[in-house]
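Each remark here refers to the structure printed beneath this line.
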2 protein chains.
Amino acid sequence: MSRPASVTIEHVAAAAGVSRQTVSRVINNGPNVKPAVRIRVMGAIEDLGYVPNLAARRMGGARSFLILAINDRQRTIDNWRVGRGNDWVDQMLHGGMLTCEERGYHLLFELIDTDPAMARAQMGRVLSALSPDGVILTPPHTENLELAQLLQARAIPLGRMGSSHMPDGINAFMSDFDAAGAAVAHLLALKHRRIGFISGSAQYAASLERVRGYEEAIARAGLAQAEGFVQYGDFSFDSGARAAACMLSLPAAPTAIIAGNDEMAFAVLHVAADRGLCVPEALSVISFDDTPGVRFSVPPLTAIRQPISALAATVTEKLIAASTGTPMDGNFVLPFELIRRSSTAVCAA
Amino acid sequence: MSRPASVTIEHVAAAAGVSRQTVSRVINNGPNVKPAVRIRVMGAIEDLGYVPNLAARRMGGARSFLILAINDRQRTIDNWRVGRGNDWVDQMLHGGMLTCEERGYHLLFELIDTDPAMARAQMGRVLSALSPDGVILTPPHTENLELAQLLQARAIPLGRMGSSHMPDGINAFMSDFDAAGAAVAHLLALKHRRIGFISGSAQYAASLERVRGYEEAIARAGLAQAEGFVQYGDFSFDSGARAAACMLSLPAAPTAIIAGNDEMAFAVLHVAADRGLCVPEALSVISFDDTPGVRFSVPPLTAIRQPISALAATVTEKLIAASTGTPMDGNFVLPFELIRRSSTAVCAA
DNA sequence: CAAGAAAATGAGAGCGCTCTCAACGCCCAT
DNA sequence: ATGGGCGTTGAGAGCGCTCTCATTTTCTTG
């Protein structure tokens, strides 16, 4: 109630009858503070409503308590232009922010261009300005090794979401390989023999992993890999529609299609409707991601749910740990989930 | 290339042969710097790749270059739990962040509880820790006047998104009244005479505005206000379904329904399908918001598009202006859009 | 119970910037 | 010329915190 604008560490120190430094030790949970003193200081903090100022803490040479989440600028702009959301953001907010909150950190979203030169410049600027304690890269920046180097040069812990097989950093992802396998297994169990796969852009390691998982599951089932059953799109509706049209025009068309993301799965649904193919009676469809809209498509899509919130939470947590303690890189494989809805059924053929 | 970790203002000053203070004037676009000197300093900044450190600038007693965007914690958690996204976040990211970027500011999302006591405490903590230059409130916190007071006490500019008729602050919103009127007008033009309205929670001023707009448009058309044609939900699917079921069970059921958000509109679609009512042949549906999933419902929904990105951009811009120059409150009414898709058609009855 | 080690505390400097204010030029009017 | 005024520059202090290191207190242990 005193002066709401600024209760500083000095006020607390005075109130508790200790030095600034002791208060600092208490708020940082440092060692070597007598229990009685600690309690007294915490009492003073409570009474005065003291909250350490982040900027000052950063200036003191310590941590900034800032975690940067890097999203793609182009994608954000493009998605908006076509009325599409960035399905990751809100879930990242959930997982990342709640984790930050617990630890007194703050999550800061930044947009960075896809173009490597731009990305480098922007990243450098942001790092200098904010001096974050950790940076989370999301696709497509996960694949940008130059950014990783930039961070390494400044000794800033790096995390990635949804990207596996990276040489460094903290990487949280689901097993794309297994997820594709699970999708195939689900369809095989429904007696499907002709299963198509519409992959996302081949430039993403995750896409290739999924294709591998698909192919291996097909092979393991003793099925031959049919010509044209794997198509590459770019995650967009149009590319999905093209791929679906192509696949469904095959002499022996697939009776089930797995799409690399929800948007392309919607496109499959659309193309199927155009051709009078009922889903799931005449064609089963599985999508990857399971973003919010999926529940309301007709029929609602069976989908592989990517645990985005959990990925964000994991990366954030490890990043904070890395920034305080010893650097600890590593891979964290989080479970996906196959959500069964109404777009898959027993093969009629 | 020198020492990537920290090029400070001092280095630039030395390189340009001027004092720290002059460099400061240049980066802050201050007056009273000779053009030749300004150019020389900017050259040095460029050469050294100098980026002012935000924490230090804040410490200097100046701005923090941080804009806080407050979202509801409960809603974020709940939405996630039911697999729903927070449709606002990604669009806010688009509008707010791009605006911040231009001005060298940063957008920081924070979650705050709905409960007033919690909200007050959390807000106080965040303000002390971050000392932002501006705060953006989103629903439901827009309605919390206590938060507004808290900000006023600290002289931090306040903005609100999607909330009208507020006594203070910078408020950007669409005309909910007009939007509801436009929805009604669209249906009237399609010869509908029995039009229902499923409102969101009555605790939101925006909801009431929409009901007012609806009622006035109905009255202006010379139509009587039928019993049970206005129902209140809480923006959830279930509440929308309940309201729709109720309305469609009326002796003289509406031939068109306007829903207060997309989620409730999906519920109307669902209930209609259950009862064998074809949309749009037997029932026209219009929704509010036009979030990404709307395009993929069956049929795709005709909707009032809320300009969330533009709202965020406007509030952010005005907030930055307010924090630098004179405090300037005011209302900024942004245009909505009626997006015609396939859920509305000429009345068959 | 002394003496050394370990724990607890405080003092001082400094992080990178902006603030205030004093000092320096410069141009014009007298 | 010569002073007042303005535009321009720099010096010094300080923002709130943490760092390092010196100092004091407390606990061991022979």
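The structure displayed is predicted, hence computed values, not measured ones.
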**OP:** Please determine, for the side chain of Arg57(A), which listed nucleotide (dT18(D), dA13(D), dT9(C)) has the closest atom?
**Re:** dT18(D)
Original post:
Which listed nucleotide (dT18(D), dT9(D), dC17(D)) is nearest to the side chain of Tyr50(A)?
Top reply: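 The closest nucleotide is dC17(D).
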How long is the line joining [atom1] of [X] and [atom2] of [N], in whole Å?
X: Asn28(A); N: dC17(D); atom1: CG; atom2: P; value: 11 Å
X: Phe65(A); N: dC17(D); atom1: CZ; atom2: P; value: 11 Å
X: Met59(B); N: dC15(C); atom1: CE; atom2: P; value: 13 Å
X: Glu10(A); N: dC17(D); atom1: CD; atom2: P; value: 9 Å
X: Leu54(A); N: dC17(D); atom1: CG; atom2: P; value: 10 Å
X: Arg20(B); N: dT9(D); atom1: CZ; atom2: C1'; value: 13 Å
X: Ile9(B); N: dA11(D); atom1: CD1; atom2: P; value: 14 Å
X: Gln21(A); N: dA8(C); atom1: CD; atom2: C1'; value: 11 Å

Original post:
Any side-chain heavy atom of Arg75(A) within less than 4.5 Å of one from Thr114(A)?
Top reply: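 In short, these two side chains do not touch, never coming nearer than 4.5 Å.
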Would [X] and [Y] pass as an ion pair if we require N to O under 4.0 Å?
X: Arg120(A); Y: Asp113(A); result: no
X: Asp78(B); Y: Arg81(B); result: yes
X: Arg73(B); Y: Glu110(B); result: no

Subject >> Pairwise 5' ranking along DNA chain D for Ile27(A) and Val33(B), keeping only the more 5' one >> reply: Val33(B)
Any [X] side-chain N or O less than 4.0 Å from OP1/OP2 of [N]:
X: Asn32(B); N: dG7(D); answer: no
X: Ser19(B); N: dT9(D); answer: no
X: Thr22(A); N: dG10(C); answer: yes

Original post:
Less than 3.5 Å between a donor and an acceptor, one on the side chain of Arg25(B) and one on the base of dT8(D), is that the case here?
Top reply: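 There is none.
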Subject >> Donor-acceptor pair (no angle test) under 3.5 Å: Arg58(B) side chain, dG16(D) base >> reply: no
Original post:
With a 4.0 Å cut-off on heavy atoms, is Asn53(A) in touch with a base, just the backbone sugar-phosphate, or nothing at all?
Top reply: sugar-phosphate
Original post:
Pro52(A) near the nucleic acid: base, sugar-phosphate alone, or nothing, with a heavy-atom cut-off under 4.0 Å?
Top reply: sugar-phosphate
**OP:** Starting from the 5' end of DNA chain C, give me the residue, Thr8(B) or Val18(A), whose nearest nucleotide shows up first.
**Re:**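 The answer here is Val18(A).
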Subject >> Separation between CZ of Arg58(B) and CG of Leu130(B), rounded to the nearest 0.5 Å >> reply: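 Answer rounded to 0.5 Å: 10.0 Å.
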